[in-house]
Amino acid sequence: MKVTAKANANIALTKYWGKKDAALKTPWNSSTSVTLEGLETTTTVEFDKQYKKDVFVLDGKEYAEDTDEYKEVKEQLDIIRGKAKSKLFAKVVSKNDFPTAAGFASSASGLAALTFAASKAAGLEFSVEELSKISRMGSGSASRSLIEGFAIWHKGSRADGDDSFAEQIAPISHWLDFRILGCVTSKKAKKVKSRAGMAQSVKTSPIFETWYTTAEKDAQQMVKLIKEKNFEALGQLAQKNCILMHACAMTTTPPIIYWTDGTMQVIHRVFELQDEGMKAYFTIDGGPQVKVICLEKDVPKLKEELSKLDLVQEIIDCKPGKGPRVVKEHLF
Ligand code: DP6
């Protein structure tokens, strides 16, 4: 069977930075996020005897077996084949619909779309909870892309990792005027991937324990603030949590500094706007782009101000988005 699915990226409101169990891919702390409309991956998967090995094509480029991208897809297919008791190879064709700026992308939408499409193509019907756990094995942040709107990925406490999955905090309809402005400051690929960076932080950052104990409390507090729609407190908490995650990355040996001149320019402008009474807050994942958390009514003014910054190349306006869904049009 051939199945095509779409899934959206998400931005962490309180972050995940560090695996507690490298094999089970469980995190040191819970994290929260909002799934983003418009930052979308579409993936078609077909398991069939005609394939003599797995094939993976992303944005028109076929990846060779020795590439990290191919290995990630194959590992995810292996998990699904194991559950389906199948030995069939698959063809996977995927495309990212991100508006021009590739630097804004994340592995979350890719792994979520792949897990969703491949399970259905293998004839398996999983609950969202199960799909979130399987996506977690491919990429931690992908576990949260299974959820519409606002999500928490529970760190879990079971030795087998079975209670580490993402769950909805609130759907899109809960907060229709919530917005994220993605400020693209660089389109270059980042030097240190999140996966390798966080593994090094676990081993060497002297503030790692402070990071994950604080981040766990932040995630629980974030759930409350989302439910209450307390925008100002949510923004302040997201910003504070982001700074601590980056402090943990920066105090890693060797240091991981994702912030560039463009990142700093946006941060300082957001601080100035806050001083002028604007309710806008920044958050940054493992890269130089800055995501500004705001409400719809402030989007025109913020876009006007942020686009004046010479190091901001593009601004992507995102609403809370849907979870994965099956679509009829196949990519091959
Ligand atoms: C900084 O989910 O990409 O974006 O689990 O190794 O695939 P792996 O890492 P990944 O890391 C995301 C880190 C982050 C924060 C976050 O999204 O919570």
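Both counts, for ligands and for their atoms, begin at 1 and track the order of listing. Residues take their numbers from the sequence shown, with the count starting at 1.
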- [ ] On the 0 to 90° scale, with breaks at 30° and 60°, tag the Phe178-Phe150 ring pair as parallel, tilted or perpendicular.
- [x] perpendicular

TODO: Give a yes-or-no answer on whether the side chains of Ser132 and Ser135 include a donor-acceptor pair shorter than 3.5 Å.
DONE: no

Open item on the list: Considering both backbone and side-chain atoms of Lys15, is one of its nitrogen or oxygen atoms within less than 3.5 Å of a nitrogen or oxygen in ligand 1?
Closed with: no

TODO: Report, in ascending order of atom number, the atoms of ligand 1 lying under 4.0 Å from any heavy atom of Ala12.
DONE: 16 (C), 17 (O), 18 (O)

Task: Between Gln265 and Asp310: side-chain donor-acceptor atoms closer than 3.5 Å - done: yes

TODO: Of the side chain and backbone of Met245, name the one, both, or neither that has a heavy atom under 4.0 Å from an atom of ligand 1.
DONE: side chain

Task: Exercise: do Glu329 and Thr4 side chains pair donor with acceptor under 3.5 Å - done: no

Task: Ligand-residue contact atoms, ligand 1 with Arg195, heavy atoms, under 4.0 Å - done: 6 (O), 7 (O), 8 (P)

Open item on the list: What protein heavy atom lies closest to atom 17 (O) of ligand 1? Include the residue and the distance to one decimal.
Closed with: Arg144 NH2, 2.7 Å

Task: Cation-pi, Phe231 ring and Lys229 (6.0 angstrom, 45 degrees) - done: no

TODO: Take Tyr16 and Trp153 through the ring-ring contact (aromatic ring centres under 6.0 Å, His included) test and state the conclusion after the steps.
DONE: CA-CA 9 Å; Tyr16 143 61; Trp153 169 20; 4.7 Å; yes

Open item on the list: I need the atoms of ligand 1 closer than 4.0 Å to a non-hydrogen atom of Gly140, numbered in the order shown.
Closed with: 2 (O), 5 (O), 7 (O), 8 (P)

Task: Geometric N/O contact Gly286 with ligand 1, under 3.5 angstrom - done: no

Open item on the list: Under 3.5 Å, is there a donor on one side chain and an acceptor on the other for Lys15 and Ser31?
Closed with: no

- [ ] Please determine if Ser141 has a nitrogen or oxygen closer than 3.5 Å to a nitrogen or oxygen of ligand 1.
- [x] yes

Task: Heavy atom of Arg136, distance to ligand 1 below 4.0 Å - done: no

Open item on the list: side-chain contact (heavy atoms from CB on, under 4.5 Å) for Arg81 and Lys87? Distances and angles first, verdict last.
Closed with: CA-CA 6 Å; Arg81 275 189 283 256; Lys87 289 202 161 56; 5.8 Å; no

TODO: Quick one: look at Ser31 and ligand 1, take heavy-atom pairs under 4.0 Å, and tell me if it's side chain, backbone, both or neither.
DONE: neither

TODO: Answer yes or no for Lys25: is there a heavy-atom contact with ligand 1 below 4.0 Å?
DONE: no

Open item on the list: Counting only heavy atoms closer than 4.0 Å, does ligand 1 sit against the backbone of Ser107, its side chain, both, or neither?
Closed with: side chain

Open item on the list: Taking 4.0 angstrom as the limit and counting only heavy atoms of Lys19, give me the atoms of ligand 1 inside it, by number and element.
Closed with: 5 (O), 6 (O), 8 (P)

TODO: Please test Glu216 against Ser30 for side-chain hydrogen bond (donor to acceptor under 3.5 Å, both in side chains), starting from the C-alpha separation and ending with a verdict.
DONE: CA-CA 6 Å; Glu216 181 59 31; Ser30 308; 3.0 Å; yes

Open item on the list: Would Lys71 and Phe56 count as a cation-pi pair here, with the cationic atom under 6.0 angstrom from the ring centre and within 45° of the axis?
Closed with: no

TODO: Distance to 0.1 Å, residue and atom name: give those for the protein heavy atom nearest to atom 13 (C) of ligand 1.
DONE: Tyr16 O, 3.6 Å

Task: Heavy-atom nearest neighbour in the protein, as seen from atom 9 (O) of ligand 1, with distance rounded to 0.1 Å - done: Met198 CE, 3.5 Å

- [ ] Hey, could you give me the OG1/CG distance between Thr283 and Asn241, rounded to the nearest 0.5 Å?
- [x] 7.0 Å

TODO: Look only at interatomic distance and state if Thr14 has a nitrogen or oxygen under 3.5 Å from any nitrogen or oxygen of ligand 1.
DONE: no

- [ ] Please report which non-hydrogen protein atom sits nearest to atom 4 (O) of ligand 1, along with the residue it belongs to and the distance in Å to one decimal place.
- [x] Asp285 CG, 3.3 Å

